[in-house]
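Every chain is numbered from 1 and lettered A, B, ... according to where its sequence line falls, protein lines coming before strand lines. Reckoned from all heavy atoms, side chains included, excluding hydrogens, waters and symmetry mates. What you are looking at is a predicted structure, and each value in this text was computed from that prediction instead of being measured.
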Amino acid sequence: MDADAAVDELRALGIEPGDLVALVVGDASLSVAVPTWATNWPVAPADVVGRIDRELGPRWVLWSQATAGALAGHGVRLTRSWDAAAVHRLLFGGWRADPGRIWARLHDLPTADLPAPDPIDLFHQTDDGDPAGPLREDGYLDPEWIDGGWASSPDRMAAWAGVLADVARLQLAAVGDVSARDERPMALRTAYAESTAELLCAELTVGGLPMDRAAMEGRISAYVGPRPRSPQEAVELRDARDEEVLRHVPEGVRFDLRSPSQVRSMLRMVGVEVPDTRAWRLERLRDAHPLVDALLAWRKAERVQTTFGYGWLDENLGPDGRFRGEWSGSDGAAGRMTASAGLHNMPADLRGGVVAEPGHVFVRADLGQIEPRVLAAVSGDRALAAASQADDLYAPVAAELGVDRAIAKVAVLGAMYGQTTGEGGRALAGLRRSYPVAMAYLDAADRAAQVGHDLRTYGGRLVRTGSAALGEPGGPDSIGDREARSQAAARGRYGRNAMVQGAAAELFKVWAVTVRARGRDLDAQVVLCLHDELLVHVPDEHAGAAAAMVDDALQEAAARWAPDRSVRFLSDTAVIPTWADAKG
DNA sequence: TGCGGCTATTG
DNA sequence: CACAATAGCCGCAG
């Protein structure tokens, strides 16, 4: 068996572009399956998969991002996928999406306690006869198969691909049901986009973010000084930093600056009384005592030292100048992308260390006022959609309400977050009058979440608001009435916001995977996704074309995601050498 | 050792 | 300190 024969075998099945083909990858072989057929090919997976992708163009069914990550490690990028874990999260909410859970849900089996691997098995050799298949008699998948046993023989790998093909068939039907039942024909498109976003995440994890080690070390040293040459020197430097604060309190008194309660006591000793020691509160008391200023400076440095210091760099920046975190396509309440290693909360001061490689630049683009525009689209509010035609959406809203732009902005944001007090709260009545459809959409989500009714975003993602996500509505009867009301209100804000943030995340991912696809011919590589911002790494000679492509991709994505085109979406796009460089 | 609280950073 | 997230350290329970 060679790659040619493998491609021919699949071609003979009549696979057309976009057809679902399940893929399971082992060390030295791979298995593929369609609903009526499964096989194992003893060939190097990277060679064959890349060719099939180019020549036949299937939509690869994968258990999860891990398969794409293994292939990306060999330089193979799949074009499109059906990611069973991503589709499971879309259909059923939550985060956990291992094969056992996916299978059980599709077969209406309880998932409260899924079968776990029998610890006794660890002391037995896997039986070579292997009469048992992946399915147990009770209908669950065999946990031993899930836990790596699928890879122990060619027959098992083929059977495992067959299970995956079956999963995709059932998920496809379930997605169709969501579209029909909830009148959201979006769900299939969302499944495609979320799946392909998982491919992008695998590539982000493997490929990393270009970073200049010297430039980043320079920025770190501005906060915490040069890299200590020994553990002993590190301790001395730390003590010296502490002393810069402690010298403002009487001799002989020691406080642990890392303990909030001790910091509060320390401040009280110099006559500064605060309910907590958060920076925004201390900011206003800088003049009260020199200790406050020293403490705030210490906090900044301590933050860099512990979270974004030399250790952070050493752990995550490879010798190839790529900084790597792990990427998830859909985490948390509303299905945003997340990243580890601080990629999503790196202090702005350090961004200058994110530098394009020689002969390359970044195209940086961020969506303007994405959440109110998304609210206009998902709610179908014609007045808000009209406001979205302006470059600055808040300007026409302010004019309509007869208030300052700043007030209009906090009012709109407050409505989406569930704020009821302050200036935003006061302007709420005006919003209800002028944008009743959008406000009713938010209120409906709020009310549903308060009583624990699950929600679905515009794209069809289930947002759980019941016991699994937020604790039982109504809660244990030990809590007081006041606290119960407060919890209900918090649940309402959660649901209200999840509908907007979640839909925004869906649009963003359609944009990101469109850029990924259209960037292929320009050697343009998406290297960072940040909720409403894309960073694309591209050779110098393609910079202009890539910037135009990113803007075009947004219009293409918006047209696919919200086909009625009534809402305008904008991106602010710039070609820059480092991430810190000014936007346009 | 695990977990809630506090804190800081980002969108 | 409204919504979301990651991450580190402290203090406490078990």
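- Applying the ring pair (Phe, Tyr, Trp, His ring centres under 6.0 Å) test to pairs two or more places apart or on separate chains, those with a residue in residues 264-308 of chain A are A:Phe308-A:Trp312.
- Atom CG in A:Asp256 sits roughly 18 Å away from atom P in C:dG8 (whole-Å rounding).
- A:Glu315 has its CD atom 10 Å from the P atom of C:dA7, to the nearest Å.
- Rounded to whole angstrom, the span from the CZ atom of A:Arg264 across to the C1' atom of C:dG11 amounts to 16 Å.
- At most 12 heavy atoms of other shown residues, nucleotides or ligands fall within 6.0 angstrom of atom CZ in A:Arg96.
- Within 4.0 Å of A:Arg258, counting heavy atoms only, lie sugar-phosphate atoms of the nucleic acid but no base atom.
- Rounding to whole angstrom units, CZ of residue A:Arg238 and C1' of C:dG8 are separated by 12 Å.
- Heavy atoms of A:Gly332 sit under 4.0 angstrom from primed sugar atoms or phosphate atoms, though from no base atom.
- Contacts with DNA chain C (heavy atom under 4.0 Å) in residues 279-307 of chain A: A:Trp280, A:Thr306, A:Thr307, listed by number.
- On the nucleic acid side, DNA chain B contacts chain A at distances under 4.0 Å to non-hydrogen atoms, with the end points of that region at B:dC6 to B:dG11.
- Applying the salt bridge (charged side-chain N to carboxylate O under 4.0 Å, His left out) test to every pair with at least one member in residues 412-436 of chain A, sequence neighbours left out, gives these pairs: A:Arg432-A:Asp443.
- Counting non-hydrogen atoms under 4.0 angstrom, A:Ala348 reaches the backbone sugars and phosphates but no base.
- At the heavy-atom level, A:Ala333 lies under 4.0 Å from the strands shown only through sugar-phosphate atoms.
- In this structure, the CD atom of A:Gln501 is 8 Å from the C1' atom of C:dA5, given to the nearest Å.
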Sequence neighbours left out, cut at 3.5 Å: what donor-acceptor pairs do the side chains of residues 341-353 of chain A make with other protein atoms?
unit_1	atom_1	unit_2	atom_2	d
A:His344	NE2	A:Cys529	O	2.6
A:Asp349	OD2	A:Tyr223	OH	2.2

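- At a threshold of 4.0 angstrom between heavy atoms, the contacts of A:Thr277 are confined to the sugar-phosphate backbone, with no base atom among them.
- Aromatic ring centroids of A:Tyr458 and A:Trp561 lie under 6.0 Å apart.
- Across residues 338-346 of chain A, A:Thr338, A:Ala339, A:Ser340, A:Ala341, A:Gly342, A:Asn345 each have a non-hydrogen atom less than 4.0 Å from an atom of DNA chain C (numbered order).
- When rounded to the nearest whole Å, the span between CG of A:Asp446 and P of C:dC3 equals 11 Å.
- Residue A:Trp95 contributes atom CH2, which lies 10 Å from atom P of C:dT6 at whole-angstrom precision.
- With distances taken from any side-chain atom of A:Arg493 to the nucleotides C:dG11, C:dC3, C:dT6, the minimum falls on C:dC3.
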